[in-house]
Amino acid sequence: MTTGDLIGILQRTLYTMLVVAGPIVLATMAVGLVISIVQAATQVNEATLTFVPKLIVVAAIFMLAGPGMLQQLVDFTRFIFATAVEAAR
């Protein structure tokens with residue numbers, strides 16, 4: 001296995017990580033920003049106002065994008081195993 005192969009694996013790993021975790025992180029950040037603005041405007045500082053909507057959004061994203069995320073992880077796992085088998089030869 002060459003350095004180029006390892007760089008390719010690292011690039012694929014980072015891409016998979018962004019595709020799988022990206023929608024969850026971005027949606028959670030957007031909801032957090034909106035709730036922070038509402039809390040600042042109304043001066044209501046309640047911890048559950050930030051936690052519960054984020055939890056609902058994450059659950060909704062898992063329901064909508066979960067199958068695609070799972071397929072990405074399965075494809076990545078197959079790629080890693082195929083690469084390991086090739087490297088063992």
*asked:* Suppose clustering is done on Ile, Leu, Val, Met, Phe, Trp and Tyr with side-chain heavy atoms closer than 4.5 Å. Which residues sit in the same group as M63?
replied: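 Besides M63, the hydrophobic cluster comprises nothing; the residue is isolated.
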
For residues 73-89, dump all side-chain donor-acceptor pairs below 3.5 Å to protein atoms at least two apart in sequence or in another chain.
from, atom 1, to, atom 2, distance (Å)
D75, OD1, Q71, NE2, 2.9
T77, OG1, L73, O, 2.8
T83, OG1, F79, O, 2.7

All N/O donor-acceptor pairs, side-chain side in residues 11-33, below 3.5 Å, sequence neighbours left out:
from, atom 1, to, atom 2, distance (Å)
T13, OG1, I9, O, 2.7
T16, OG1, R12, O, 2.9
T28, OG1, I24, O, 2.7

*asked:* Looking at every heavy atom in both V44 and L49, which two are closest together, and how far apart are they?
replied: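 Of all heavy-atom pairs spanning V44 and L49, the closest is CG1-CD1, 3.7 Å.
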
Enumerate the side chain to side chain donor-acceptor pair (under 3.5 Å) contacts for [range], please, sequence neighbours excluded, ordered by first and then second residue.
range	answer
residues 54-69	none
residues 55-64	none
residues 30-47	none

